[in-house]
Amino acid sequence: MSNGIQIHGLTKAYERGGQRLVVLDELELEIAPGERAALMGPSGSGKSTLLNLIGGLDRADAGQLVVAGERVDQLDGAELAAWRAETIGFVFQGFNLIPVLTALENVMLPLLLTPLSRKLRREHALRALDLVGLTDRKSHRPSELSGGQEQRVAIARAIVTDPQVILADEPTGDLDRASADAVLALLVKLNEELHKTVLMVTHDPLAAESARRIVHMDKGQLAREEARS
Amino acid sequence: MPLRLVAKNLFAHRLRALLTIASFAVAIFLLCVLRALVVSLDAGVRNATSNRLVVQSAVSLFVSLPESYLGKLHQVDGVEEVARVQWFGGFYQEPGNFFGQFGVDPDQFLRIFPEIRLVPDSPADALERFHSERRACLVGRKTAEKFGFKVGDTIPIIGTIFQRTDGEPWEFEVVGIYELESMVWDETTLFFPFEYLSETLDAGAATGPKGSGIFYLQLDGSIPPVSVAAATDALFENGPQRVQTTSEAEFNAQFVSMIGNVPFFVTTIGGGVLAAIVLAVLNTMLLSGREQTHTIGVLKALGFSDGTVFGVMLGQAMLLTLVGGGAGIALAIASGPGFQAFLGTMFPGYEITDGILGQAALLSVAVGLAAGLLPAWRARSMQAVEALRRVH
């Protein structure tokens with residue numbers, strides 16, 4: 001099954017103060033399987049909305065959206081949740097770890113939606129933590145970790161179910177340069193070694209440089225693209 | 001892990017969770033105690049049978065009826081047995097040691113009340129002695145336990161209504177200890193032969209009103225109780241004292257109402273306690289739900305279904321009320337003997353029954369549902385994007 005993303009005529013609008021605000025305007029875009037792309041653009045250009053639609057967190061008003069071979073726009077709520085659990089790994093700007101759980105428990109959380117035994121869930125989670133270099137922090141709560149470590153735990157959580165697509169929304173936005181570089185290096189590793197399709201929204205030019213392709217958006221439409229070697 | 005997540009989220013604010021659990025435990029404990037009080041007051045009414053009637057003075061319960069009515073009552077159609085019962089109203093050693101004492105016709109009374117039975121291992125001649133010896137008495141199990149009375153002991157009772165002219169206390173010898181199959185009386189009361197009181201008064205060795213406070217009638221079932229009651233009232237319509245005949249249940253209810261509408265009062269307090277605690281738990285859960293908006297968004301983004309998120313929130317309310325309710329129930333059970341000793345005089349039937357415990361458990365579940373449904377529904381309905389956006 002392809003783990004690419006195909007978008008045709010995707011439209012999304014919000015009602016604000018009685019007015020219709022078009023955020024995505026018949027967008028056309030294709031992300032190839034195994035691609036590592038960055039979405040850039042000014043605030044309000046629709047980057048995060050697009051990411052949410054691709055990840056099934058929000059619904060489009062019109063258009064077609066195919067992610068990893070699935071017509072996401074045609075799934076109902078329960079199907080969308082199940083599909084999301086299986087296909088998508090999210091990395092958020094604010095890490096979004098659950099504060100009352102340890103690093104290991106946070107990483108194990110998505111595995112609850114799988115038929116794995118507790119023992120296997122633990123093994124998988126430890127492997128993911130090892131991949132991000134945080135095995136020794138497994139018993140720490142998010143409040144006991146640095147920002148960079150929290151984001152690495154979030155990446156471990158994103159990949160623990162072996163999803164085909166990694167969606168990262170400003171993954172380095174809250175990090176210092178050194179931590180940001182470590183997170184970006186991880187995303188590159190996931191793409192190059194594990195062949196995950198990585199789509200990252202970012203304002204950070206240095207982060208965007210880690211992508212092979214940079215997609216610029218403006219006013220809900222594709223403005224221009226840059227291919228990088 | 002969902003259960004672990006439920007528990008960890010609930011105890012994220014440990015002090016708040018523990019205080020809410022403690023307040024819910026206290027509320028459930030109070031409700032158990034209040035319910036036990038109401039049940040003890042109503043026991044006589046609930047356990048009354050339809051084949052027993054009570055004849056009392058139409059003027060007042062405190063006016064005795066002539067003993068001569070005994071024979072006339074036997075003549076009423078449908079009446080199988082008649083027993084005189086006289087309230088004695090004394091105390092043991094000091095006024096604080098109060099328990100009920102009644103002079104009764106031993107044979108007839110025990111036939112009318114088969115629910116009264118001797119405790120196991122009672123002497124074989126206990127009933128025979130109760131029937132034949134003037135100073136014999138049967139003591140309720142609870143009073144015997146409280147004061148350490150045993151068969152063969154002599155109990156001195158200082159009369160208040162009936163006082164001996166020699167200034168000495170009345171003396172009753174314990175010939176047996178009884179318990180009840182159902183709470184038609186209570187297990188604190190002492191019964192002694194009516195004739196002992198009657199003969200002592202006739203001999204001038206004691207002062208007090210002569211006659212019988214009430215008569216208990218047992219019916220043979222051939223005539224409806226209402227007709228027997230009407231015929232009894234009609235029999236004495238021209239005196240010397242008019243009577244009022246009621247069912248045993250009505251009589252017991254009237255007795256309870258003499259100390260005010262306590263059941264209503266107690267139930268109202270219980271209702272207030274319940275309403276307050278529902279609001280307190282709901283407030284805690286709404287606050288908790290709002291604080292967990294971030295967690296809700298994350299769970300949904302990870303692929304957890306709306307139903308699971310609903311369960312995580314509802315589970316927290318249920319966990320809170322079940323732990324609190326369990327603690328309250330345990331407290332009610334543990335304090336039962338102490339309360340029985342403390343309230344035994346006023347509420348002799350006080351007991352935390354299985355029924356009360358069941359009601360408390362059901363109530364804990366119901367409050368958990370009531371307090372958890374709204375925040376759970378809110379969490380279920382919330383979009384992941386919306387939940388995540390509210391935080392950042």
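Quick note on labels: first sequence line is chain A, next is B, and so on, each numbered from 1.
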Q: List the atom of A/Val91, the atom of A/Pro171, and the distance in Å for their closest heavy-atom pair.
A: CG1-CB, 4.0 Å
Q: May I ask you to list the residues in residues 149-159 of chain A that approach chain B closer than 4.5 angstrom, counting heavy atoms only, ordered by number?
A: A/Arg157
Q: Could you tell me whether A/Asp162 and A/Lys196 have a side-chain N and a carboxylate O separated by less than 4.0 Å?
A: yes
Q. Is a donor on one side and an acceptor on the other found under 3.5 Å between the side chain of A/Gln6 and the backbone of A/Leu29?
A. no
(Q) Using heavy-atom distances under 4.5 Å, tell me whether B/Asn9 contacts chain A through its side chain, its backbone, both, or neither. (A) both
Q | Portion of B/Val385 that has a non-hydrogen atom of chain A nearer than 4.5 angstrom | A | both
Q.
Which residues pass the salt bridge (Lys or Arg N to Asp or Glu O under 4.0 Å) test with A/Arg177, not counting sequence neighbours?
A. A/Asp181, A/Asp204
Q. Charged N to carboxylate O under 4.0 angstrom, B/Asp306 versus B/Lys300?
A. yes
Q. Does any N or O in the side chain of A/Glu105 come within less than 3.5 Å of the main-chain N or O of A/Thr102, such that one atom is a donor and the other an acceptor?
A. yes
Q) Quick one: are A/Arg122 and A/Leu104 in side-chain contact, heavy atoms under 4.5 Å? A) yes
Q: Pick one of side chain, backbone, both or neither for A/Leu80, based on which atoms fall under 4.5 Å of a heavy atom in chain B.
A: neither
(Q) Which atoms of A/Asn52 are under 4.5 Å from chain B, going by heavy atoms: the side chain, the backbone, both sets, or neither? (A) side chain
Q.
Strictly distance-based, threshold 3.5 Å: is any side-chain N or O of A/Ser45 a donor or acceptor partner for the main-chain N or O of A/Gly220?
A. no
